Each structure stands twice: as C-alpha cells, then as structure tokens.
Asks: 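The structure's right below; bear with me while I get my questions together.
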2 protein chains.
Amino acid sequence: MSREPLSRDRILRAALAVADDGGLDRLTIRSLAQQLGTKPMSMYHYVANKGEILDGLVDLVFAEIELPAATGDWRAEMTRRARSAIEVLRRHPWSIGLLESRTTPGPATLAHHDATIAALRAGGFSIVETAHAYAVLDAFTYGFAVQLSSLPFEGPDSAAEVAESIMAAMAGAYPHLAEFAEQHALQPGYDFADEFEFGLGLVLDGLGRMVER
Amino acid sequence: MSREPLSRDRILRAALAVADDGGLDRLTIRSLAQQLGTKPMSMYHYVANKGEILDGLVDLVFAEIELPAATGDWRAEMTRRARSAIEVLRRHPWSIGLLESRTTPGPATLAHHDATIAALRAGGFSIVETAHAYAVLDAFTYGFAVQLSSLPFEGPDSAAEVAESIMAAMAGAYPHLAEFAEQHALQPGYDFADEFEFGLGLVLDGLGRMVER
DNA sequence: ACCTGAACACCGTTCAAGT
DNA sequence: ACCTGAACACCGTTCAAGT
C-alpha cells in the first residue's frame, strides 16, 4: 500500500493517528508497523526505542497549540493560548497522561515555552512575576484538561443515566455530594467544560492585580 | 514468610508498597504475587483484574489526603486540603497519572468530594459558587502536582548541572527561555515548589472576591 | 473454599541474517 | 543502507486441575 520510504516523521504521524483513534494502549510497535505497512523491527532504524516515539508525540501535540505573540496584550495572548491548549488536549486525550511522564522536551515544546515567556515579559511582567504567572496558568490549564478527560461520561445524555444509579446508593453516605449532583451537575444544561472560562478569568484577574500594584 | 491469608486489603497494601518504591511500571501481577509470597493467579480470587487493583490504589491515595471540615472557615480548610493533596501526591508520584485514567471512584474518593463540598457550603458558597470553586481549586492543585512530578530534576544541585548543558544549545534558538532559566530557574535558591503558595493564594483570593460581592 | 501450573495471546527489544 | 525473521524475557488473563 504505502510505498513512500519510512522516516522518523512518517512514524510519528502514524503513531499520532493510531493514538487518536485507539488510545495509548493500542499504540504498540507492532500495531504501528502494521499501520505503516512494515515490520516492527524496521522502525528501529529511525527511533531508538518506543520512548522516543512518545517524546515525539508530545512534541507534535505541543506544536498544535497556538503560540502567544509578544504584543504587549498579555491577557489576550494568555487567553488564546489557554483555550487552544484545552482544545488540543481534548483532541488528543491520550497525550495528557504523557506530558507528565516525558521529561525530554522537543523543539516545539521549547518554542512554546519561549513564546509564552516572551509574551508575558512584553506585557510588563518581571522575571519573578513571569515565573508566578506561568506556574499558575499552566497548573490550572493542565489540571483542567485532566479533569475534563477523566469525567466518566461523554455526552450530556449518558451523564444523567450513569450517575442516577450511583446517586441512589450515594445519597445516604455522601449527602452533600448527592445534593450537589442532583441540583447542579446532573441538571440538563450543565457542562463541566463551562467552568474553564470562570477559572481562567479568575487566574487572569489575579495576575492583573499582581502586575498593577 | 508471610503466613497471614491473602485478602483484597493485603493485596492493595502490597501494591502500594511496590508502586512507591518502583513506580507503576514495576507493579505487575507477577511482581505483586512474589512480594506477597503467593502465585499470580491466587490474587484473582480477591480482585477481578489489574484495573481493580489500580482503582483500589487511587482510593488508598485519596484516603491519605486530609479531609476539610465544615467549620465555616472555608479558606483555612481549602488551604489545608490543597497542601495535604500536594504532599500526598509527592509521596506517591506514580498515582498522578492514574487519577486521570480511573473513572470508578472508591469510598475514600467520594468521602473526600463530599467533605470538600460540605466545607465550601458551610463557608457560605452557593451551589453554583461551589462548582466554580471546586473546579478551579482542583484544576490548580492537580495541575501543580503534575508540573512538580514532571520536573526533570530532583535535588537543587542536579538541576543546574542538567540544565546548564541544555542551556548552551538553547540560548540561540530560545532566547527568552534561556534568559528565564539563567536568571531565575537556575539560581541557587530557586525551588519550583515555592510557586504553589503563590498560586493557591491567588486562587483563594479570587474565590474570596467571588463570594463577597 | 482457596490456591496454582500450564498455556494463550500479547508486549518491547536484541541479534543475526538477509537484500 | 535498509529491512526483517526468529528468539528472548517479559506481560495480563483463561482454563483446568489440584488441595
């Protein structure tokens, strides 16, 4: 089928595709080789081991996040960056668990850090303030992505069904949780993703106060 | 060696010990059996599969986090809870990647959620405000734990050495990142963990403003 | 009832061999 | 130079058998 020669790039793009539609568990050297129309061992000419593929994937995901610009309007740029990051992590939920375990940053990852620092500095943040801002922004954004990905339900329909049954057993032992679920989280219009804008606004407001005083 | 009979509890405690000193990769059914002085298949009388062991581990970790009390002083209770969570996650870094992938909460997990909601409600938070607060607090706390665990270095000594060499290659391509690292992150007294209190304070201040107005 | 040996269908990776 | 078959040391889990 695929007659173009193997390459590190082609391997990584195929790995991204496999992970996107089967999750990280489905991504094995063997399945990857099959998807590429080669044999497992062929790939070891382009990557040292599976870890290097995972590192490459993390960098591919980072590359999809919009880079902030050093315009001086740090709030607009950080908002755009955070929203883009959440979108990208929703698109590649399998990557969330990976970002934490891989400690060898690739070029796109480094470029992303560089652009973010540049945008904050251009907005008037000192180096110490930049450190504060970066830590709290990324902790919030990344943590929110984790929460989103670990919600037990996908659609708003299944949510109610799944939870309703748990609820009955729960009401006695966990009254506050039960009340919260019934009156809020299980209501028709509820979407946890909406909490992102509140939290992001809260963090950005706090940072605004930090630099103004 | 160990003559006390096998039990779900004994299996989970052993699994926690294995994960604590070898990481999650080292925790296999086979290694666990050996640690317990039994054979792999014996454990299937107490747990359905490995996933159930992982679910149990997550609940054991949750059980270690201090429960907030419904005293009305929500800020003190949320501070205590967040600090405790970070401590616990540092003690069991392997669990961080697990919390996200396991979607069947155990009793300690549910009790934790219940107590947190109760503490916020007792502090005067409406249900909607509780949802806001819980989302942003947990996103920040959990995300910060992830950042901490993915730092490439442990001690403050190795930090400089590891990074110094990267820095040289980096300075050209990523000038802002290089400047930031040199002038801040690689300075002797720097400890990323210190950013936690800043971020937590920022989030709590924001929540305080939300409930006061 | 509780435990376990053998076996199955998988992994990532090494090593020696093909073209 | 690029690719690959066979093999090794692992996995989690099923199934049938032991006590």
Side-chain angles (χ1 to χ4, degrees), chain A residues 1-60 94-95 97-98 100-104 106, chain B residues 1-60 94-95 97-98 100-104 106:
Chain A
M1 183 122 305
S2 45
R3 278 300 89 198
E4 42 175 336
L6 221 46
S7 70
R8 192 187 141 84
D9 218 68
R10 215 158 85 77
I11 289 171
L12 289 178
R13 286 203 317 274
L16 191 76
V18 170
D20 275 346
D21 73 38
L24 216 50
D25 287 345
R26 210 80 106 223
L27 176 62
T28 67
I29 295 286
R30 285 163 154 95
S31 71
L32 190 51
Q34 195 175 11
Q35 164 107 1
L36 285 163
T38 44
K39 304 291 167 178
M41 293 312 106
S42 307
M43 290 183 303
Y44 284 82
H45 283 268
Y46 303 94
V47 292
N49 48 43
K50 191 178 178 181
E52 210 170 288
I53 296 178
L54 298 180
D55 284 338
L57 283 182
V58 168
D59 211 50
L60 280 184
W94 49 267
S95 74
L98 224 51
E100 142 237 358
S101 60
R102 300 276 113 200
T103 52
T104 314
Chain B
M1 185 123 303
S2 44
R3 278 299 89 196
E4 41 175 337
L6 219 47
S7 69
R8 192 188 142 85
D9 217 68
R10 216 159 85 78
I11 290 172
L12 289 179
R13 286 203 318 273
L16 190 77
V18 171
D20 275 347
D21 75 37
L24 216 49
D25 287 346
R26 210 80 105 223
L27 177 62
T28 68
I29 294 287
R30 284 164 155 94
S31 70
L32 189 51
Q34 195 175 11
Q35 163 106 2
L36 285 163
T38 44
K39 305 291 166 176
M41 291 314 105
S42 305
M43 290 183 304
Y44 284 83
H45 282 268
Y46 304 94
V47 292
N49 48 43
K50 192 178 178 181
E52 211 170 288
I53 295 177
L54 298 181
D55 284 338
L57 283 182
V58 168
D59 211 49
L60 278 184
W94 49 266
S95 74
L98 224 50
E100 142 239 358
S101 59
R102 301 275 111 200
T103 53
T104 312

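The sequence lines fix the lettering, A, B, ..., with proteins before strands; numbering per chain opens at 1. As the structure is a prediction and not an experimental result, all values here were calculated from the model.
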Asks: To the nearest Å, give me how far apart CG (Leu6(A)) and P (dA1(D)) are.
Replies: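 After rounding, the reported distance stands at 17 Å.
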
Asks: Quick one: does any side-chain atom of Asn49(A) pair with a main-chain N or O of Glu52(A) as donor and acceptor, under 3.5 Å?
Replies: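 The answer is yes, because a donor-acceptor pair under 3.5 Å joins these two groups.
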
Asks: Whole angstrom is fine here: how far is it from CZ in Arg26(B) over to C1' in dC11(D)?
Replies: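 Atom-to-atom, Arg26(B) to dC11(D), this comes out as 15 Å.
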
Asks: What nucleotide, of dC3(D), dT13(D), dT13(C), holds the atom closest to the side chain of Ile29(A)?
Replies: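 Between dC3(D), dT13(D), dT13(C), the one nearest the side chain of Ile29(A) would be dT13(C).
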
Asks: Determine whether Leu32(B) and Met43(B) make a side-chain contact, defined as any pair of heavy atoms from C-beta on separated by less than 4.5 Å.
Replies: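 Result yes, sub-4.5 Å side-chain heavy-atom pair found.
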
Asks: Send over the distance from Leu27(B) CG to dC10(D) P, rounded to a whole Å.
Replies: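 It is 16 Å, rounded to the nearest whole Å.
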
Asks: Please check if the side chain of Arg30(B) supplies one atom and the backbone of Pro40(B) the other of a donor-acceptor pair under 3.5 Å.
Replies: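 Judged by distance alone, no pair lies under 3.5 Å.
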
Asks: Does dA6(C) have a Watson-Crick or wobble mate here (both distances under 3.5 Å), and if so which one?
Replies: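 Partner of dA6(C): dT14(D).
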
Asks: Met41(A) has an atom CE; how far is it from atom P of dA16(C), in whole Å?
Replies: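 Rounding to the nearest Å, CE of Met41(A) and P of dA16(C) are 15 Å apart.
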
Asks: Is the backbone of Val18(A) close enough, under 3.5 Å, to the side chain of Arg26(A) for a donor and an acceptor to pair up by distance?
Replies: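 Checking the backbone N and O of Val18(A) against the side chain of Arg26(A), no donor-acceptor pair under 3.5 Å is found.
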
Asks: Please determine whether a side-chain nitrogen or oxygen atom of Tyr44(B) lies at a distance below 4.0 Å from atom OP1 or OP2 of dG12(D).
Replies: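 No, no such contact exists.
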
Asks: Check every strand shown and say whether Thr28(A) touches a base, only sugar-phosphate, or nothing at a heavy-atom separation below 4.0 Å.
Replies: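 Sugar-phosphate, no base atom in range.
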
Asks: Are any side-chain N or O atoms of Arg102(A) and backbone N or O atoms of Gly51(A), one a donor and one an acceptor, separated by less than 3.5 Å?
Replies: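 Judged by distance alone, yes, a pair lies under 3.5 Å.
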
Asks: Among dC3(D), dC2(C), dT13(C), which is the nearest nucleotide to the side chain of His45(B)?
Replies: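 Nucleotide nearest to His45(B)'s side chain: dC2(C).
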
Asks: Output the rounded distance in Å from CG (Asp25(A)) to C1' (dC10(C)).
Replies: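 Atom-to-atom, Asp25(A) to dC10(C), this comes out as 13 Å.
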
Asks: What is the separation between atom CD1 on Ile11(A) and atom P on dG12(C), rounded to the nearest whole Å?
Replies: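 So the CD1-P distance, Ile11(A) to dG12(C), works out to 14 Å.
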
Asks: Find the distance Lys50(B):NZ to dG12(D):C1' and express it as a whole number of Å.
Replies: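 Distance check: Lys50(B) NZ to dG12(D) C1' gives 8 Å.
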
Asks: Rounded to the nearest Å, what distance is computed from the CZ atom of residue Arg30(B) to the P atom of nucleotide dC11(C)?
Replies: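 From Arg30(B) CZ to dC11(C) P: 15 Å.
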
Asks: Which nucleotide wins on minimum distance to the side chain of Asn49(A), given the candidates dC2(D), dT13(C), dC3(C)?
Replies: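 The answer is dT13(C), which lies nearest to the side chain.
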
